[in-house]
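In this text, all values refer to a predicted model and were calculated from it rather than measured experimentally.
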Amino acid sequence: MDGDNKTFSSDFTLTGLFTNNKASGFLFSVICAIFFMAMIANGVMIFLIHIDPHLHTPMYFLLSHLSFIDMMFISTIVPKMLVDYLVGKGTISFFACTAQYFLYMGFVGAEFFLLGLMAYDRYVAICTPLRYPVVMSHRVCWIILTTSWFGGALDSFLLTPITMSLPFCASHKINHFFCEAPTMLRLACGDKAVYETVMYICCVMMLLIPFSVVIASYARLLIIVHQMKSAEGKKKAFATCSSHMMVVMLFYGAALYTYMLPQSYHTPVKDKVFSAFYTILTPLLNPLIYSLRNRDVSGALKRALARCQRTHGVTREEF
């Protein structure tokens, strides 16, 4: 009973990423820049998709929600870490840690499912382009989106109570920069068998099922592209799905290490590096990959800037 009371009343201490005093200031500046760039880049993507009629398609509808998830995802982790560095204190209460864990698992789960289901959108666009508007209807897009959020919410509601109800009777020092599942498991000293079973099931749902959809969709795509006789058609097909493939490899690759490899392969340093990659870098890389490699997005940005210039010019003339 005393151990349980200590679990719920004691604060945790996050060691953070800024452990090297010589490089901590530089690392803080880099992460701060990445955070603001990620927020701006994803915000611009959402804005362009909303205002430009050329981007009112199923792919960009899903992409706008991917950008929204990325903004919420990075906001649950990075601001707390930056504030901790500024105040020189890395404490987090049990309830704040629980809230961060719950939001983090929900957003990351939603992104896993959404990225997996977006592969189906690319499959339909290339394999049945004439039926694309019918197959990827507004209703289907909302089903994909609802499924993604439901999967993320289910992940949060399953894992959060089990994880945070474990007795943390050992050290309350979290050797990480946020309350992540594998790290919290290492702090617990109770029976972890139920948690590990549920974690495995959730990882299968959250990672392997969406990843299987990606593999199946792109395997079929490669077969169809290989059968194309036109070199221009092959080039266009690869351009259509290459951005999504890059995002999937970056996000799933780091997450597979975090959640699917046994604990014996994990070390605090590796966990921090891989976690930083898919929680801090990926939300910035997603909009950059889609925008830099996509003529539609760059065209929408040019049209938006031209519209602003025209509006500004008219305002100055009237003045």
Side-chain angles (χ1 to χ4, degrees), residues 11-21 23-24 26-28 30-31 34-35 38 70 73-85 90-92 94 96-109 111-112 152 155-156 158-160 162-164 166 168 170-190 192 195-204 206-208 211 248-285:
D11 292 340
F12 293 104
T13 301
L14 295 165
T15 61
L17 282 176
F18 313 111
T19 54
N20 188 342
N21 292 329
S24 59
F26 174 74
L27 187 58
F28 170 83
V30 170
I31 293 177
I34 290 174
F35 172 72
D70 280 335
F73 183 32
I74 195 172
S75 297
T76 61
I77 298 168
V78 175
K80 164 66 177 170
M81 180 174 59
L82 297 177
V83 170
D84 285 347
Y85 174 80
T91 58
I92 183 171
F94 175 83
C97 186
T98 303
Q100 186 185 62
Y101 185 97
F102 178 83
L103 292 173
Y104 152 75
M105 293 303 296
F107 289 130
V108 76
E111 183 152 348
F112 282 135
D155 195 43
S156 283
L158 280 176
L159 288 181
T160 304
I162 296 175
T163 305
M164 303 312 291
L166 289 170
F168 300 105
S171 171
H172 278 222
K173 185 176 181 180
I174 302 174
N175 195 0
H176 214 318
F177 56 92
F178 71 104
C179 300
E180 192 176 28
T183 307
M184 299 303 295
L185 179 61
R186 284 197 292 269
L187 288 183
C189 59
K192 307 174 187 178
Y195 175 86
E196 290 174 346
T197 302
V198 176
M199 170 66 89
Y200 178 77
I201 295 172
C202 286
C203 287
V204 170
M206 191 173 64
L207 285 170
L208 295 187
F211 194 62
V248 166
M249 287 189 292
L250 291 172
F251 194 71
Y252 277 74
L256 284 171
Y257 163 83
T258 302
Y259 291 100
M260 299 302 293
L261 285 183
Q263 286 291 320
S264 58
Y265 289 89
H266 288 255
T267 64
V269 174
K270 288 181 181 178
D271 286 352
K272 288 182 181 181
V273 171
F274 279 92
S275 297
F277 189 83
Y278 82 92
T279 60
I280 300 175
L281 283 179
T282 304
L284 171 63
L285 294 176

With a 4.5 Å limit on heavy-atom distance, are the side chains of Met184 and Phe168 in contact? yes
Would you indicate whether the side-chain heavy atoms of Thr76 and Phe178 approach each other to under 4.5 Å? no
Heavy atoms of Thr91 and Asp84 approach each other most closely as O-OD1, 4.5 Å
Using a 4.5 Å cut-off on heavy atoms from C-beta on, say whether the side chain of Tyr104 contacts that of Glu180. yes
Does the side chain of Leu158 come within less than 4.5 Å of Ile162's, by heavy atoms? no
Heavy-atom nearest pair, Ile74 first then Thr279, reads CG1-O, 3.8 Å
Specify whether Phe12 and His172 have parallel, tilted or perpendicular ring planes, treating 30° as the upper limit for parallel and 60° as the lower limit for perpendicular. parallel
Separation of Leu187 CG from Leu166 CG (nearest 0.5 Å): 10.5 Å
Could you list the residues that satisfy side-chain contact (heavy atoms from CB on, under 4.5 Å) with Phe102, not counting sequence neighbours? Ser156, Phe157, Thr160
Ala99: side-chain contact (heavy atoms from CB on, under 4.5 Å) partners, not counting sequence neighbours: none
Please report the shortest heavy-atom distance between Cys179 and Ile92, naming the atom on each side. SG-CD1, 4.1 Å
How many angstroms lie between SG in Cys97 and CG in Asp11, if you round to the nearest 0.5 Å? 10.0 Å
Taking the side chain as C-beta and beyond, is there a heavy-atom pair between Ile280 and Phe177 under 4.5 Å? yes
Tell me which one of Tyr278, Phe277, Phe112, Phe274 satisfies ring pair (Phe, Tyr, Trp, His ring centres under 6.0 Å) with Tyr252. Phe112
When rounded to the nearest 0.5 angstrom, what distance separates CG in Leu14 from NZ in Lys80? 6.5 Å
Distance in Å, Leu281 CG paired with Ile31 CD1, rounded so as to fall on 0.5 Å steps: 8.5 Å
Asp155: which residues meet the side chain to side chain donor-acceptor pair (under 3.5 Å) condition with it, sequence neighbours left out? none
Measure the CD1-OG1 distance between Ile174 and Thr15 for me, rounded to the nearest 0.5 Å. 8.5 Å
Roughly how far, to the nearest 0.5 Å, is CD of Glu111 from CZ of Phe73? 6.5 Å
